[in-house]
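Worksheet: the structure to be examined is printed underneath.
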2 protein chains.
Amino acid sequence: MPKPIVDKQGRKDATRSRILDAAARMFNENGFAATSLRDIAAAADMKAGSLYYHFDSKEDIVAEVLDLGIRNVHEAVEAAVAGLPGNSDSRRKIRTAIAAHLEALLAHGDYTSANIRIFGQVPAEVRKRNMAVRDAYEKLWLNLFEQAQADGTIRKDVNPNILKLFLLAALNSPVEWYRTDRLPVAELARLLADYTLHGAAVPEKGTGN
Amino acid sequence: MPKPIVDKQGRKDATRSRILDAAARMFNENGFAATSLRDIAAAADMKAGSLYYHFDSKEDIVAEVLDLGIRNVHEAVEAAVAGLPGNSDSRRKIRTAIAAHLEALLAHGDYTSANIRIFGQVPAEVRKRNMAVRDAYEKLWLNLFEQAQADGTIRKDVNPNILKLFLLAALNSPVEWYRTDRLPVAELARLLADYTLHGAAVPEKGTGN
DNA sequence: GTCTATATGCCGATAGAC
DNA sequence: GTCTATCGGCATATAGAC
């Protein structure tokens with residue numbers, strides 16, 4: 001269960017949040033190394049030196065942005081699945097999780113988009129710290145697929161771990177190409193759920209090659 | 001049809017290639033901004049100043065790495081599909097293209113991995129230049145899917161463009177998590193082709209929800 | 001073609017005034 | 001809590017010897 005979005009001392013801090021919002025936006029647009037503390041400070045209406053009252057280093061800022069990016073989506077997906085009627089089957093749960101992930105990603109996605117885009121650019125220690133949060137979210141999907149396989153919803157020859165990795169890549173990809181004006185997020189979610197559950201091919205009785 | 005891998009004047013140049021190989025490897029490992037010209041030069045057994053005899057700027061180097069990354073895969077996939085027997089159906093073509101993309105990506109993938117990882121980090125002008133090469137490769141997949149839809153292999157309610165975008169994200173994702181020792185690339189390709197064509201769910205005669 | 005040396009500028013981080 | 005000023009370091013790029 002993800003923790004609520006507050007700082008490490010458990011308090012909410014408006015200035016701290018403003019800095020993190022600015023950092024997420026700038027990291028998302030320009031990458032980690034290309035975003036300077038002066039850029040972040042300017043986007044938060046401050047001077048660079050002032051950031052050090054709230055954070056110890058640039059690495060500290062990016063580490064918090066990365067963690068929030070995963071936790072935002074994790075919480076949204078968990079809440080959506082938990083909100084389903086008690087008798088919902090695995091198909092419904094998978095469809096709901098796909099829709100919730102895409103909604104969270106595309107609605108207020110500076111933190112999550114930043115995570116997707118800059119994870120590979122940050123220092124190894126920061127990556128390692130974020131891995132724990134990532135693993136927790138991936139576990140949610142693994143559980144969903146293993147349960148679906150156990151109850152006969154998905155095939156026995158499916159590798160739940162590989163399926164999870166491919167699906168998460170597809171789920172995150174719209175940050176690179178999705179434009180609101182073309183089709184609603186709910187419709188995008190329906191398409192991806194269809195592909196995930198039933199594939200693109202016309203069903204047939206044949207060998208299934 | 002992608003052009004052969006030579007420089008802009010149409011000549012092959014060993015030193016130039018050595019620099020590009022080194023740059024692709026370093027960009028892939030550390031990102032664009034975090035890789036200095038000194039790093040690239042050192043990896044190519046040179047000094048930083050010497051790079052300027054072969055390239056005009058860091059942007060020039062990265063632009064060429066990006067283009068080669070797409071063209072390597074484009075050529076491999078095109079050749080694999082063209083090498084199929086003349087009577088091969090769309091299912092076979094899609095399976096072959098998926099396998100060829102993964103083989104090219106994971107076998108000698110410094111250029112392609114670098115492209116996937118650093119595209120979002122390079123200056124806008126460099127991105128724009130690489131977009132033409134990317135579009136050409138995406139067109140190959142769009143044609144494949146449109147042909148498959150026309151001949152009744154894939155369903156009419158599939159959006160070929162969206163399917164292409166989701167599949168390419170999945171196809172590129174193994175650069176982040178694939179390890180050779182777990183399962184062969186050919187097996188990975190079979191799994192992804194299964195998911196793409198038939199999905200993960202057990203087939204049923206019902207409403208298909 | 002490759003080297004050394006260097007110009008010029010931005011980076012993260014710190015010190016101390018207010 | 002935010003500012004100004006500045007440190008030391010490393011970046012891209014250039015000039016000119018060999």
Side-chain angles (χ1 to χ4, degrees), chain A residues 6-9 11-66 114 118 121-127 129, chain B residues 6-9 11-66 114 118 121-127 129:
Chain A
V6 292
D7 68 15
K8 287 168 209 157
Q9 286 75 40
R11 292 172 290 100
K12 290 178 193 176
D13 180 325
T15 304
R16 201 184 162 86
S17 295
R18 204 174 78 237
I19 294 169
L20 290 171
D21 286 353
R25 188 167 70 252
M26 300 302 289
F27 285 146
N28 190 26
E29 289 172 8
N30 303 318
F32 172 69
T35 299
S36 69
L37 292 180
R38 285 166 177 81
D39 293 335
I40 295 172
D45 276 312
M46 303 179 72
K47 299 296 179 180
S50 308
L51 298 176
Y52 285 85
Y53 178 82
H54 301 276
F55 297 90
D56 287 339
S57 67
K58 187 184 181 183
E59 291 194 11
D60 260 34
I61 296 176
V62 75
E64 203 153 324
V65 168
L66 290 180
I118 73 174
Q121 311 173 35
V122 301
E125 312 140 45
V126 178
R127 266 204 301 273
R129 170 177 157 182
Chain B
V6 292
D7 68 14
K8 289 168 208 156
Q9 288 76 40
R11 292 172 288 101
K12 290 178 192 175
D13 179 326
T15 305
R16 199 183 162 87
S17 295
R18 205 175 76 239
I19 294 168
L20 290 172
D21 285 352
R25 189 167 69 253
M26 301 301 290
F27 286 146
N28 189 26
E29 288 172 8
N30 303 318
F32 172 69
T35 299
S36 70
L37 293 180
R38 284 170 175 82
D39 293 334
I40 295 171
D45 276 312
M46 304 180 72
K47 298 296 179 180
S50 308
L51 297 176
Y52 285 84
Y53 177 82
H54 302 276
F55 297 91
D56 288 340
S57 67
K58 187 184 181 183
E59 291 194 10
D60 260 35
I61 295 176
V62 76
E64 202 152 325
V65 168
L66 290 180
I118 72 175
Q121 311 172 34
V122 301
E125 311 140 45
V126 178
R127 265 205 301 274
R129 171 176 155 182

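Small disclaimer: the values here were computed from a predicted structure and weren't measured. Order of the sequence lines sets the chain letters (A, B, ...), proteins ahead of strands, with each chain counted from 1.
At distances below 3.5 Å, not a single donor-acceptor pair connects side-chain atoms of A/Arg38 with backbone N or O atoms of A/Ala48.
Here A/Lys47 lies in heavy-atom contact (under 4.0 Å) with a base.
For B/Asp39, the side-chain contact (heavy atoms from CB on, under 4.5 Å) test picks out B/Met26, B/Thr35, B/Ser36, with sequence neighbours left out. Legend: residues meeting side-chain hydrogen bond (donor to acceptor under 3.5 Å, both in side chains) with B/Thr15, ordered by chain and number and at least two apart, are absent. Here A/Asp21 pairs with A/Tyr111 under the side-chain hydrogen bond (donor to acceptor under 3.5 Å, both in side chains) rule; sequence neighbours left out. Every side-chain contact (heavy atoms from CB on, under 4.5 Å) that B/Ala33 has, sequence neighbours left out, goes to A/Ala33.
Side chains of A/Phe32 and A/Val65 form no contact here, defined as non-hydrogen atoms less than 4.5 Å apart. A/Phe27 places none of its side-chain heavy atoms less than 4.5 Å from the side chain of A/Leu66.
The stretch residues 23-32 of chain A has no heavy atom under 4.0 Å from DNA chain D, so no residue of it qualifies as close.
Mapping A/Asp56 and A/Asp39 onto DNA chain C via the closest heavy atom, the residue that lands nearer the 5' end is A/Asp39.
The line from CD of A/Gln121 to CD of B/Gln121 is 3.5 Å long, rounded to the nearest 0.5 Å.
Scanning DNA chain C 5' to 3' for nucleotides with an atom closer than 4.0 angstrom to a non-hydrogen atom of chain B gives a first and last hit of C/dG1 to C/dT4.
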